[in-house]
2 protein chains.
Amino acid sequence: MAQKIKLSTIAESLGLSTATISLALRDSPLVAADTREKIKIQARALGYIYNRRAASLRTSRSGIIGVVFHDVMNPFYGEILKAIESELDRSRQTFILSNHYDSVEKQRTFIETLLQLGSDGIIMSPAIGTPLEDMTLAEENGMPAILVARSMDGVDMPTFRGDDSYGISLATNHLISLGHRTIAMVGGTDQTSTGRDRYQGYVNALRKAGIEVDPNLRIPGARSKQGGFEAAVNFLSLPQKPTAAVCWNDLVAIGLMNGVSRAGFVPGKDISVTGYDDLEEAAIATPALTTVSNGQAEVGRLAARALLDRLAGSHEPDGIHLIKPEMRIRQSTSPCVPRT
Amino acid sequence: MAQKIKLSTIAESLGLSTATISLALRDSPLVAADTREKIKIQARALGYIYNRRAASLRTSRSGIIGVVFHDVMNPFYGEILKAIESELDRSRQTFILSNHYDSVEKQRTFIETLLQLGSDGIIMSPAIGTPLEDMTLAEENGMPAILVARSMDGVDMPTFRGDDSYGISLATNHLISLGHRTIAMVGGTDQTSTGRDRYQGYVNALRKAGIEVDPNLRIPGARSKQGGFEAAVNFLSLPQKPTAAVCWNDLVAIGLMNGVSRAGFVPGKDISVTGYDDLEEAAIATPALTTVSNGQAEVGRLAARALLDRLAGSHEPDGIHLIKPEMRIRQSTSPCVPRT
DNA sequence: CTGAAAGCGCTTACAG
DNA sequence: CTGAAAGCGCTTACAG
């Protein structure tokens with residue numbers, strides 16, 4: 001590699017000062033148009049690379065946004081990330097990603113790294129068990145935070161997520177309208193707001209329909225395809241013989257469908273299954289999955305937008321912004337057939 | 001937020017110099033052990049946050065590694081990323097991720113951003129059509145590059161990927177040994193080394209077995225579940241009535257299985273299907289997918305290791321490092337049954 | 001074992 | 001419209 005080109009290199013080669021070069025490269029009207037043009041040409045010719053660290057040290061703006069989720073390999077977060085990515089791209093912000101895998105330490109290490117790098121803000125879906133001081137660590141050090149997908153009690157930072165309780169009631173009501181009465185709830189955990197809200201929504205929908213709620217019909221825990229697949233055994237051996245399952249998310253639903261079909265049942269006919277999230281693959285699962293859209297693209301877009309607006313000075317009101325879910329009826333649900 | 005704590009704040013509060021503080025916080029033996037201890041306690045008490053930008057401006061090491069792939073939502077890249085992540089984690093390096101979606105411009109913008117941020121290195125799976133000068137842009141500016149998954153002709157940077165030609169021949173031979181003679185190849189593109197090598201491996205295996213190669217049995221293009229799903233129609237309408245499909249990857253295979261089962265065929269019985277990559281979900285697909293392990297974890301780990309070693313000064317030899325694939329036989333393949 | 005001073009490459013008042 | 005100078009917060013020779 002050749003010798004490092006910096007502002008002063010360009011300045012000397014043109015007989016100008018670094019101040020002028022700096023302003024010109026950032027299109028400042030303070031510099032005459034033709035001087036600006038000449039400078040830009042020279043910068044390109046010399047292969048100048050802007051040193052963001054130096055600039056950021058001076059301006060205390062880094063152009064970096066941190067994003068921390070449970071796990072991007074989960075397409076639910078992947079779809080949110082994609083929306084964030086495209087929103088940040090057009091504002092020429094770079095994002096730094098970390099999975100926390102629900103480890104509070106990994107999450108804190110990441111927040112500290114972001115602070116060290118002078119990150120301009122953070123978008124996070126907090127790990128299970130995150131203490132309040134970790135939530136405020138960012139803000140207290142001048143780094144605005146936005147929450148997505150999960151909310152936390154006692155925290156009033158701006159939060160964007162779906163209306164879980166309402167969404168799951170849509171799925172439950174759909175099954176009830178098909179004649180199902182023994183409906184299991186599969187997957188999810190009470191340790192997240194999402195898990196609690198969805199279970200509550202399911203319970204409420206059953207009650208409203210006058211169906212007795214049997215807590216043994218809840219098979220909690222599963223959050224992945226693998227988890228749903230393994231839950232099939234428990235589901236099929238329930239003495240109440242449920243004819244339908246409301247699943248915590250699409251991954252669990254797809255895993256469950258695979259599991260019950262291994263056992264010789266036909267999902268969508270013998271057993272009705274609903275998912276949650278409407279992932280891209282829900283539509284091409286076999287059978288195509290009846291599910292609830294959860295607005296991942298919307299969540300990501302709005303969260304990124306809110307953060308960028310805040311960085312630009314406008315202060316969006318805090319609090320939870322709920323995105324309205326919608327039912328997507330496909331082939332994995334059908335009128336109730338009693339199990340034999 | 002309180003007033004910014006910096007080295008000089010700590011120095012003044014203890015009546016020491018910033019040099020001593022700086023050394024102590026980095027555990028230098030040049031500072032007396034008890035002074036070091038006292039300094040660390042004070043730093044924590046004051047809530048000191050290390051300013052990496054300032055340090056990096058001085059040392060020209062940033063602790064940042066760039067990673068650019070086609071798309072992390074593809075679990076193949078997701079699994080590689082996960083291995084890179086855990087390898088970088090233990091060296092306390094932060095990674096910055098970007099998807100290029102096979103857009104050469106998006107990839108170049110990202111490389112330039114990394115250079116501006118002073119990234120220490122880059123791990124990339126180059127976009128289709130990447131020009132040579134983009135490949136060398138990083139190295140010429142002092143940022144070492146490592147390739148994964150895809151190699152590029154005429155580029156002798158260190159590259160880590162599976163032995164595609166050998167791997168696909170394992171799958172093809174497996175089908176041949178089950179009595180299949182009319183075997184289609186579904187998915188992939190000639191625009192990547194992976195696509196070319198896998199098609200070539202399939203052709204070679206057929207030839208070696210004395211089976212005539214029919215170019216019309218190739219249905220190229222698909223690279224996702226959606227793609228495989230859509231390819232099912234073409235596959236089923238081939239006049240040669242293939243009894244088996246060698247798929248370009250697991251996603252295509254799973255999509256294809258969904259597609260053929262929508263059409264009333266039973267994958268794994270009527271139609272044998274092989275995948276490639278052995279993604280986590282291959283084992284829980286229905287039927288469980290026969291596939292070829294492609295060593296994503298190994299690829300990611302070795303690539304990260306190689307980059308870290310290079311940053312530490314040792315110069316790993318350039319050139320392609322091939323990871324040996326292995327056959328994983330499951331339920332999606334069975335002895336040939338002629339199609340009616 | 002500790003300190004004074006220079007410098008990494010920018011940007012930003014301030015002068016002119 | 002352009003320049004001289006200070007300073008962002010570190011680290012690193014160099015002195016003592």
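Just so we're clear, the structure is a prediction, and the values are computed from it rather than from any experiment. The figures that follow rest on heavy atoms only: side chains count, while hydrogens, waters and symmetry mates do not. Below, read A as the first sequence line, B as the second, and so on, with proteins coming before strands; counting in each chain starts at 1.
- In this structure a side-chain-to-backbone donor-acceptor pair under 3.5 Å is present from Ser119(A) to Ile64(A).
- Ile123(B) pairs with exactly one of Leu307(B), Val68(B), Leu147(B) by the side chain to side chain contact (heavy atoms under 4.5 Å, CB included) rule, that one being Leu307(B).
- Distance alone, capped at 3.5 Å, is enough to place a donor-acceptor pair between the Glu139(B) side chain and the Ala145(B) backbone.
- Rounding to whole angstrom units, CZ of residue Arg53(B) and P of dG7(D) are separated by 19 Å.
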Base-contact (B) and sugar-phosphate-only (S) positions in nucleotides 10-16 of chain D, heavy-atom cut-off under 4.0 Å, - elsewhere: BBB----
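- Atom CZ in Arg52(A) sits about 20 Å away from atom C1' in dG9(D), given to the nearest Å.
- Of the side-chain N and O atoms in Ser60(B), none sit less than 4.0 angstrom from OP1 or OP2 of dC8(C).
- Whole-Å rounding puts the Ile21(A) CD1 to dA4(D) C1' distance at 15 Å.
- Judged by distance alone, with hydrogens and angles left aside, the side-chain atoms of Asp120(B) form no donor-acceptor pair with the main-chain N or O of Ile65(B) at under 3.5 Å.
- At a non-hydrogen distance threshold of 4.0 Å, Leu30(A), Val31(A), Ala32(A), Thr35(A) from residues 27-44 of chain A come into contact with DNA chain D.
- Here the side chain of Asn294(B) pairs no donor or acceptor atom with the backbone of Gln296(B) at under 3.5 angstrom.
- Ser86(A) and Arg90(A) share no side-chain donor-acceptor pair at under 3.5 Å.
- Under the 3.5 Å distance criterion, the side-chain polar atoms of Ser98(A) are left unmatched by any main-chain donor or acceptor of Ile96(A).
- Looking at heavy atoms from C-beta onward, Leu97(B) lies out of side-chain contact with Tyr77(B) at the 4.5 angstrom threshold.
- When every heavy atom of Ile146(A) is checked against every heavy atom of Ala303(A), the shortest pair comes out as CG2-CB, 4.0 Å.
- Residues from residues 10-17 of chain B that place a heavy atom under 4.0 Å from any atom of DNA chain C, listed by number: Gly15(B), Leu16(B), Ser17(B).
- In this structure, the side-chain contact (heavy atoms from CB on, under 4.5 Å) partners of Leu46(A), at least two apart in sequence or on a different chain, are Ile5(A), Ile10(A), Ser13(A), Gln42(A).
- Judged by distance alone, with hydrogens and angles left aside, the side-chain atoms of Arg310(A) form no donor-acceptor pair with the main-chain N or O of Pro144(A) at under 3.5 Å.
- Take Arg161(B) and apply the side-chain hydrogen bond (donor to acceptor under 3.5 Å, both in side chains) test, not counting sequence neighbours, and it matches Ser151(B), Asp164(B), Asp197(B).
- The pair Lys106(A)-Glu85(B) meets the salt-bridge criterion, with a side-chain N (NZ, NE, NH1 or NH2) lying under 4.0 Å from an Asp/Glu carboxylate O.
- Consecutive pairing runs in DNA chain D reach the stem threshold at C:1-3 with D:14-16, C:5-12 with D:5-12, C:14-16 with D:1-3, where a stem means at least three Watson-Crick or G-U wobble pairs with distances under 3.5 Å.
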